[in-house]
Amino acid sequence: MKGYPEAVSRLIDAFARLPGIGRRSAERLAFHVLRESNDEADALAHAIMDAKTKIAHCPICWNICDATHCSICSDARREAAIVLVVEQPKDVLAIEKAGSFRGIYHVLLGRLDPLAGVGPEGIVLQPLLARLDDSTKNAQSVAVEELVLGMNPDLEGDTTALWIAREASKRGVRVTRLARGLASGSQLDLANPGVIADAIAGRTGL
Ligand SMILES: [Zn+2]
């Protein structure tokens with residue numbers, strides 16, 4: 001036998017393209033799917049297509065949502081002048097769980113990583129600058145007064161924070177950063193709600 005049948009190879013290739021999945025894990029997943037019933041495999045395929053077709057990015061904050069705008073940008077009780085910038089949708093979830101932040105968000109969907117070739121065009125930075133430049137592009141058409149930087153405290157997070165801070169200060173927008181109750185290198189989505197609430201309350205100027 002030269003290799004796996006073509007359909008199996010394609011499935012392994014598809015799994016291997018997922019982040020964090022190496023060749024051997026991809027093989028394991030593919031053979032798991034082959035062992036499953038048709039119904040289970042069908043449910044997996046449908047869940048993937050459902051997520052792709054029903055979920056979009058909010059055109060204001062780029063968080064994932066299943067309506068034209070996300071529930072946070074649509075909520076008139078939120079303080080739209082304060083925008084907390086995070087790397088991923090899961091960070092929004094973690095901060096919302098802490099329950100003490102009343103502003104709104106901007107999700108970068110990544111961070112600057114010059115060594116890996118990710119520059120400003122590779123993440124959602126231009127739409128953030130557009131929100132600063134034009135209040136009609138922000139939620140409730142409110143001008144942004146403060147950016148709270150919530151990037152993870154590591155090299156790439158710091159690089160991203162500095163880039164944003166420079167652009168924001170050119171535009172006269174106040175920039176603060178979450179207080180470092182979060183241990184260096186810690187991930188926002190793994191921090192407990194009390195630590196996140198303290199980090200928001202104790203945010204410092206940059
Ligand atoms: Zn939104």
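Each residue takes its place number in the sequence, starting with 1. In each ligand, atom 1 is the first atom listed, and ligand 1 is the first ligand listed.
Among residue pairs with one or both ends in residues 27-52, those qualifying as salt bridge (Lys or Arg N to Asp or Glu O under 4.0 Å) are Asp50-Lys54; sequence neighbours excluded. Sequence neighbours left out, the pairs with a member in residues 76-102 that pass salt bridge (Lys or Arg N to Asp or Glu O under 4.0 Å) are Asp75-Arg77, Arg78-Glu96, Glu87-Arg111, Lys90-Asp189.
Annotation for Phe15: hydrophobic cluster partners, listed by chain and number, are Leu11, Leu18, Ile21, Leu29, Val33, Leu44, Ile48 (ILVMFWY side-chain heavy atoms under 4.5 Å, direct or chained).
When each of Val173, Thr159, Leu125, Val175 is paired with Ile164, the side-chain contact (heavy atoms from CB on, under 4.5 Å) condition holds for Leu125 and for no other.
Distance alone, capped at 3.5 Å, is enough to place a donor-acceptor pair between the Arg171 side chain and the Glu167 backbone.
Taking all atoms of both residues into account, the shortest heavy-atom contact from Val142 to Ala81 is CG1-N, 3.7 Å.
By the criterion of a separation under 2.8 Å, the protein N/O/S atoms near the Zn ion (ligand 1) amount to Cys58 SG, Cys61 SG, Cys70 SG, Cys73 SG.
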